[in-house]
Structures are given as structure tokens and as C-alpha cells.
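These notes concern the structure reproduced below.
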Amino acid sequence: MDITEVPKSCDKGKKKKDKRSHKTTVAKQETEDVGVAEKTEKDGVAPVFPPSFSMSDIKNKQRRHLMFMKLKQEKRKQKMQLRKKRKKEREALGDKAPPKEVPKTIENQRVYDETTVDPEDEEVAFDEGTDEFSAYFNRLTNPKVLITTSDRPRGRTVRFCEQLATVIPDSHVYYRRGLALKRIIPQCIARNFTYLIVINEDRLTPNGMVLCHLPDGPTAHFKISNARLRKEMKRRGKDPTDHSPEVILNNFTTRLGHSIGRLFAALFPHDPHFVGRQVATFHNQRDFIFFRFHRYIFKNEKRVGLQELGPRFTLKLRSLQKGTFDSKFGEYEWVLKRHEMDACRRKFHL
């Protein structure tokens with residue numbers, strides 16, 4: 001039986017050559033397109049596109065980037081020209097010039113909340129006189145704070161608690177050894193503590209705070225973010241002294257925000273020591289509470305400088321519960337709902 005050898009076809013080699021030639025032609029087209037775009041930029045002629053054209057229709061990445069940067073520069077130039085034109089018109093008109101347009105921000109576009117507190121409201125004054133903090137504001141009690149952690153805390157959380165104890169006067173740090181909060185709270189009440197602060201951690205960093213007012217509550221749960229210790233801060237001042245700081249509460253306008261502000265105010269003694277020149281600030285903006293601890297320095301009769309002492313952190317309210325901490329049978333006054341927060345970003349609760 002005769003076996004005839006069949007010669008191998010060279011189609012594979014041709015296909016490879018065709019692919020290479022196709023790649024080289026595509027690369028040439030891309031370089032030509034980029035060169036055309038650079039020429040139009042040098043000549044100062046803007047490319048003309050049909051009205052239904054979008055930037056994503058340009059398949060070449062380099063050309064698309066160049067055209068996008070070109071459009072951004074043109075918009076910036078138009079904005080600057082408009083600004084200069086308005087400035088000249090304002091100078092020409094003088095006192096008759098129209099008022100400046102107020103820029104749109106999330107704060108001034110905020111949805112009005114019906115629970116906004118009027119400081120002269122009689123109902124609000126009555127509620128303040130009979131709530132859980134009335135004994136503190138009537139100077140019947142002095143704050144005494146117990147600061148503890150979650151079980152088996154790490155070094156960064158421990159240092160955060162120690163630095164927090166230097167900010168809040170008459171505060172004591174104790175480490176939890178497997179005790180439940182329900183067992184800790186009666187012991188705190190028996191020792192005349194007015195607050196219990198629990199710092200939780202995740203991935204070796206503090207990420208949560210439970211703030212429980214004793215003996216009758218309320219209990220607030222916060223998320224902690226952007227926590228920085230004193231060593232992690234640039235241009236910080238010397239360590240704080242033992243003086244009682246002044247307390248500043250900003251933008252706690254609603255009924256919920258008013259109760260949270262009173263919760264923070266009751267942490268500190270009534271009479272601050274102005275000799276120490278230390279200030280603890282709780283600033284609410286878009287439901288994020290920024291905490292800063294400063295010392296102010298008088299440079300002369302008119303100028304005052306601020307020196308941050310640390311630590312600094314940001315709080316986000318998760319829930320407010322009536323009474324002391326009770327995760328099973330506790331009654332919640334307010335709980336953060338995700339769908340409400342995502343539905344309207346201009347609606348704030350504090």
C-alpha cells in the first residue's frame with residue numbers, strides 16, 4: 001500500500017503575517033489620529049462634531065483623552081471670561097450692581113426639617129427642664145465618666161482611650177475582662193458614675209462608641225472614623241493640662257440634634273478653667289460630628305492663634321436608645337435607615 005506525503009499548507013504563516021500587518025496598520029492610524037489632534041491644538045481650531053456625538057464614540061484612547069482635555073480647557077476659559085465680564089460690569093455699575101449669586105451647596109440646599117428647635121419655644125424649655133440631663137444643667141450632679149473598651153483591646157484602641165481620658169475631666173479608664181455591659185452598668189451606678197463610654201474596635205483601630213448616660217439613659221451608638229492619635233498629627237501642641245476645657249457645640253438644630261448636644265455637654269464640668277485656654281469642639285455638618293481639641297494662644301490684643309492638641313475623630317450617629325444599654329428589649333428613639341439616607345442626600349437629622 002503506497003503512502004503519499006501530503007505537503008503542509010502555509011496558511012498559518014499567512015494568518016500570522018495578516019495579523020501583524022493589521023496591527024501595524026491600526027497603530028499607524030492611531031498615530032495619525034493623535035498627530036491630527038495635536039495639529040488642531042497647535043492651530044487653535046476646535047474640532048467640529050455632530051450634535052449627537054459623544055466622547056465615548058472615539059475608540060482611540062489617546063485621542064479621546066486629548067479631546068477631553070481640550071474640552072475641559074475650553075470650558076475653563078469660558079468660565080474665566082464670564083467671571084471677568086461680570087467683574088467689569090459690577091465695577092461699571094458701582095452701587096447699582098445686582099447682588100452676587102449665592103453658590104449652590106449641600107448645606108443651603110438642605111431640606112427643611114420640621115423638628116428644628118426654636119430656642120424660645122416653651123415646649124422645648126419644659127422638655128429640657130424634665131429630661132434626663134436636667135439634674136446636670138441644674139448643677140445638682142457633677143460628671144464622672146468611666147471609659148472602657150471592647151474585650152481584649154489592641155494597643156491603638158488603648159492609647160485612644162487614654163488620650164480621651166485627658167480630654168474629659170474626672171474620667172477613669174478600666175479595661176474589660178469579659179464582663180457584659182449589663183453587669184458593668186449597675187456597678188457604675190453604685191460608684192456614682194454619670195457616664196459609661198465603650199470604645200469598640202475593628203482591624204486594630206477604634207470604629208465605634210457607645211455613650212450611655214447614667215442612671216436613666218439615654219444611650220447613643222456612634223460610628224468612629226478618621227481617628228488620629230497625637231503622635232499621628234502634624235504640628236500639634238504640647239500635651240493638654242488638667243484644666244477643664246470650654247465646650248463648643250455647633251449646628252445641633254433639630255430635636256434629635258438638641259438631645260445629642262446635651263448628651264455631649266453633660267460630659268464636661270459646669271465651670272471651665274479659662275486659664276488653661278483649652279477648647280473641646282463638637283461640630284455637626286451633614287450629620288457627621290467632627291471632634292477637635294484645641295488650645296488658643298493670644299498673639300497680641302487682636303490676633304488669636306489655635307493649636308490643636310488631639311486626638312481628633314469623626315462620629316456618625318447610628319441609634320439613640322431610651323434608658324441604659326439593652327440590646328434585646330431596649331426601646332429605640334431613633335435608628336439610622338440606609339434607604340432614607342440614600343434617597344435624599346440633602347436631608348439631615350441632627
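These numbers come from the heavy atoms of this one structure, side chains and all, not from hydrogens, waters or symmetry mates. Sequential numbering from 1 along the given sequence is applied to the chain's residues.
Residue pairs satisfying the side-chain hydrogen bond (donor to acceptor under 3.5 Å, both in side chains) criterion with at least one member in residues 198-215, sequence neighbours excluded, are listed as follows: T157-E201.
Y296 pairs by the ring pair (Phe, Tyr, Trp, His ring centres under 6.0 Å) definition with F298, not counting sequence neighbours. Residues meeting the side-chain hydrogen bond (donor to acceptor under 3.5 Å, both in side chains) test with D271, sequence neighbours left out: R139. The side-chain hydrogen bond (donor to acceptor under 3.5 Å, both in side chains) search around Y174 returns none, not counting sequence neighbours. Among residues two or more places apart in sequence or in another chain, the side-chain hydrogen bond (donor to acceptor under 3.5 Å, both in side chains) test is passed with H270 by none. Shown here are the ring pair (Phe, Tyr, Trp, His ring centres under 6.0 Å) partners of H221, two or more places apart in sequence or in another chain: there are none.
H243 and T241 share a donor-acceptor pair across their side chains, judged by distance under 3.5 Å alone. No donor-acceptor contact under 3.5 angstrom links the side chains of H273 and Q278, judged on distance only. No side-chain donor from either of S134 and R262 sits under 3.5 Å from a side-chain acceptor of the other.
Looking at heavy atoms from C-beta onward, L211 lies in side-chain contact with L267 at the 4.5 angstrom threshold. E308 places none of its side-chain heavy atoms less than 4.5 Å from the side chain of F293.
In this pair, F282 and F264 present their aromatic rings parallel. The plane angle is below 30°, not in the 30 to 60° band.
No donor-acceptor distance shorter than 3.5 angstrom exists from the side chain of K79 to the backbone of E74, with no hydrogens or angles considered. The backbone N or O of R230 lies less than 3.5 Å from a partner atom in the side chain of R236, making a donor-acceptor pair.
A distance of 11.0 Å separates OG1 of T314 from NE2 of H283, quoted to the nearest 0.5 Å.
Salt-bridge check for R255 with D127: passed, with a basic side-chain N closer than 4.0 Å to an acidic carboxylate O.
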